[in-house]
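Here the structure comes first, spelled out in structure tokens, and everything after it is commentary.
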Amino acid sequence: MAAVSGIRALMKVPHLLILQQSFRLTPLQLASTRHCSGSNGLKLPSDTENKSLLENLSLLGVDVKMVRQRQPGVLRKAFTNEMGLAQFLQEKGTSHKIIASIVSRYPRAITRSVEHLEQRWQLWRNVFNTDAEIVSILGRSPESFFRSSDNENLEKNIAFLISLGLNSKDLHRLLTTAPRTFSNSLELNKQMVEFLEDICHELGGNDPEQFAKSVISKNLYILIRSTKRVKANIDNLKTFLKLSDAELLALLQGHGADILDLSNEYLKKNFKNIEQKIILLGCKKDDMKKLIINYPMILYIGPSTLNSKLDCLLKGGITIKQILEKPKVLDYSTQNITERLKELQRVGYDFEKNGINILDSSWKRFAAKIEKLSDLPEE
């Protein structure tokens, strides 16, 4: 074993020299480098941090204080691969600053072997076109790449999701937005897909595979939620809005899929608030049903925020009827709405005559419209 260890050490020398030049490490400092035997390396006594590891992390510019806050157990491991990781990422085009940031924010990255990293990178390259795309994602969300240590499970999940008809764009979004999807067991992901297909059958749909694909594409978080939560939300929507099977199926195949991952209590609370507010403003329950069907994302907005937005619009001279007809104006923050209303008031904009479409536009288009209205001669 001693001979084998010696050979391994000699094989690493060229790589260490590269790191020495890149990170300006001295031979004495490099002597403290260790190489991991896996993601579950041995640990030192519970209250003892690995001093040579701390030295290497400091040399790499890692925020050790952040490491202690996020994953302190990593600092007590006897075998880690911080230098191997740094070299691997550097060869992929990652800057020293980003490498330090990655380790600071997701310390367990240093427990991955080079072999594991190579395998995982290749799996990601089956989805992404370039190394640069992956580097960019690592800089924003290191957890998405390093969270799971099971490459075989990742490979199976990618193959399964592709088999559902999800395209590369969908996989990109899943990997970057809901990476836990790929940490799930294959069986768990299959369970959710089968559940969605059963829902389609129950509601009279004739293409359960397309239904499941559509829901997943619209709601990236659904595969990391429980079937129990999703089933309760579907039942609540049907009960709250008194929907027929056909109406519910149409809602779920559309933007209704966006709200299926909400907590059951949050959904109930928001629905109750909308009902109370709408009735208070002189609307009927049918108006509320139409509003939610046309704009399900309103159920994402908390009671105080929604009430503030509605009050702001109403005070600005907009009617509740106009809001019901153009609910996407509620996408914007109360501050954004307030600023736009002030500008429109300044140029004498007539909502009754011109409608409220102007509120649902980009800042660039809005500014251009305000400038045009400002240049018009006063009547």
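Everything numeric here is computed off the predicted structure, so don't read it as measured data. Position 1 is the first residue of the sequence; numbering continues from there.
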Would you find more than 12 non-hydrogen atoms of other residues, nucleotides or ligands less than 6.0 Å from [X] atom [atom1]?
X      : atom1 : result
His255 : NE2   : no
Gln119 : CD    : yes
Lys92  : NZ    : yes
Glu115 : CD    : no
Asn206 : CG    : no
Lys289 : NZ    : yes

Validation row: [X], [Y] side chains within 4.5 angstrom (heavy atoms):
X      : Y      : answer
Met192 : Val230 : yes
Ser144 : Leu175 : no
Leu223 : Leu161 : yes
Asn151 : His116 : yes
Ile199 : Val215 : no
Ile370 : Leu344 : yes
Leu243 : Ile293 : yes
Asn357 : Lys326 : yes

Determine, using the 4.5 Å side-chain heavy-atom cutoff (strictly less than), whether [X] and [Y] are members of one ILVMFWY cluster.
X      : Y      : result
Leu330 : Ile279 : no
Leu188 : Leu260 : no
Ile298 : Tyr266 : yes
Ile158 : Phe160 : yes
Phe195 : Val193 : yes

[X]: salt bridge (charged side-chain N to carboxylate O under 4.0 Å, His left out) partners, not counting sequence neighbours:
X      : value
Glu133 : none
Arg225 : Asp261
Arg173 : Asp170

Is a side-chain donor or acceptor of [X] paired with a backbone partner of [Y] at a separation under 3.5 angstrom?
X      : Y      : result
Arg112 : Phe146 : yes
Thr80  : Glu82  : no
Ser308 : Thr305 : no
Arg120 : Ser148 : yes
Thr338 : Thr334 : yes

Pair [X], [Y]: side-chain N/O donor-acceptor within cut-off below 3.5 Å:
X      : Y      : result
Lys218 : Ser214 : yes
Gln335 : Glu339 : yes
Glu91  : Gln87  : yes

What residues form a side-chain hydrogen bond (donor to acceptor under 3.5 Å, both in side chains) with [X], not counting sequence neighbours?
X      : value
Asn307 : Asn273
Gln322 : Thr319
Glu265 : none
Asn184 : Asn189

What is the minimum heavy-atom distance between [X] and [Y], and which atoms define it?
X      : Y      : answer
Met288 : Phe271 : CE-CZ, 3.5 Å
Pro296 : Leu251 : CG-CD1, 3.9 Å
Ala100 : Ser104 : O-OG, 2.7 Å
Leu220 : Thr181 : O-OG1, 4.2 Å
Ser183 : Asn153 : O-ND2, 3.7 Å
Phe351 : Gly316 : CE1-O, 3.6 Å

**OP:** Assess whether salt bridge (Lys or Arg N to Asp or Glu O under 4.0 Å) is satisfied between Glu209 and Lys213, documenting all intermediate values.
**Re:** CA-CA 6 Å; Glu209 291 81 12; Lys213 173 191 171 184; over 6 Å; no
Original post:
What do the steps show when you test Lys321 against Asp287 for side chain to side chain contact (heavy atoms under 4.5 Å, CB included), and what is the final call?
Top reply: CA-CA 9 Å; Lys321 182 181 177 181; Asp287 293 320; over 6 Å; no
N/O donor to acceptor pairs below 3.5 angstrom from side-chain atoms of residues 359-369, sequence neighbours left out:
| residue | atom | partner | partner atom | Å |
| --- | --- | --- | --- | --- |
| Asp360 | OD1 | Tyr332 | OH | 3.3 |
| Ser361 | OG | Ile358 | O | 2.8 |
| Ser362 | OG | Arg365 | N | 3.2 |

**OP:** Evaluate the side chain to side chain contact (heavy atoms under 4.5 Å, CB included) criterion for residues Ile274 and Ile301: first the C-alpha distance (whole Å), next the side-chain angles of each, then the deciding distance (0.1 Å), finally the verdict.
**Re:** CA-CA 10 Å; Ile274 294 169; Ile301 308 173; over 6 Å; no
Subject >> For Ile224, the rest of its hydrophobic cluster, which grows through side-chain links under 4.5 angstrom >> reply: Tyr221
Got a list of side-chain donor-acceptor pairs under 3.5 Å for residues 62-75, not counting sequence neighbours?
| residue | atom | partner | partner atom | Å |
| --- | --- | --- | --- | --- |
| Asp63 | OD1 | Lys65 | N | 3.2 |
| Asp63 | OD1 | Met66 | N | 3.1 |
| Arg68 | NE | Glu49 | OE1 | 3.4 |
| Arg68 | NE | Glu49 | OE2 | 2.9 |
| Arg68 | NH2 | Glu49 | OE1 | 3.0 |
| Arg70 | NH1 | Arg105 | O | 3.2 |
| Gln71 | OE1 | Arg108 | N | 2.7 |

**OP:** For Asp311, enumerate each residue passing the side chain to side chain contact (heavy atoms under 4.5 Å, CB included) test, keeping only those at least two apart in sequence or located in another chain.
**Re:** Lys277
**OP:** Drop me the distance from Gln253's CD to Cys200's SG, to the nearest 0.5 angstrom.
**Re:** 6.0 Å
**OP:** Please name all residues satisfying ring pair (Phe, Tyr, Trp, His ring centres under 6.0 Å) with Tyr106, sequence neighbours left out, ordered by chain then number.
**Re:** none
Subject >> Basic-acidic side-chain contact under 4.0 Å: Asp235, Lys231 >> reply: yes
Original post:
For Glu343 and Tyr349, what are the C-alpha separation, side-chain angles and deciding distance, and is it a side chain to side chain contact (heavy atoms under 4.5 Å, CB included)?
Top reply: CA-CA 9 Å; Glu343 285 296 298; Tyr349 192 84; over 6 Å; no
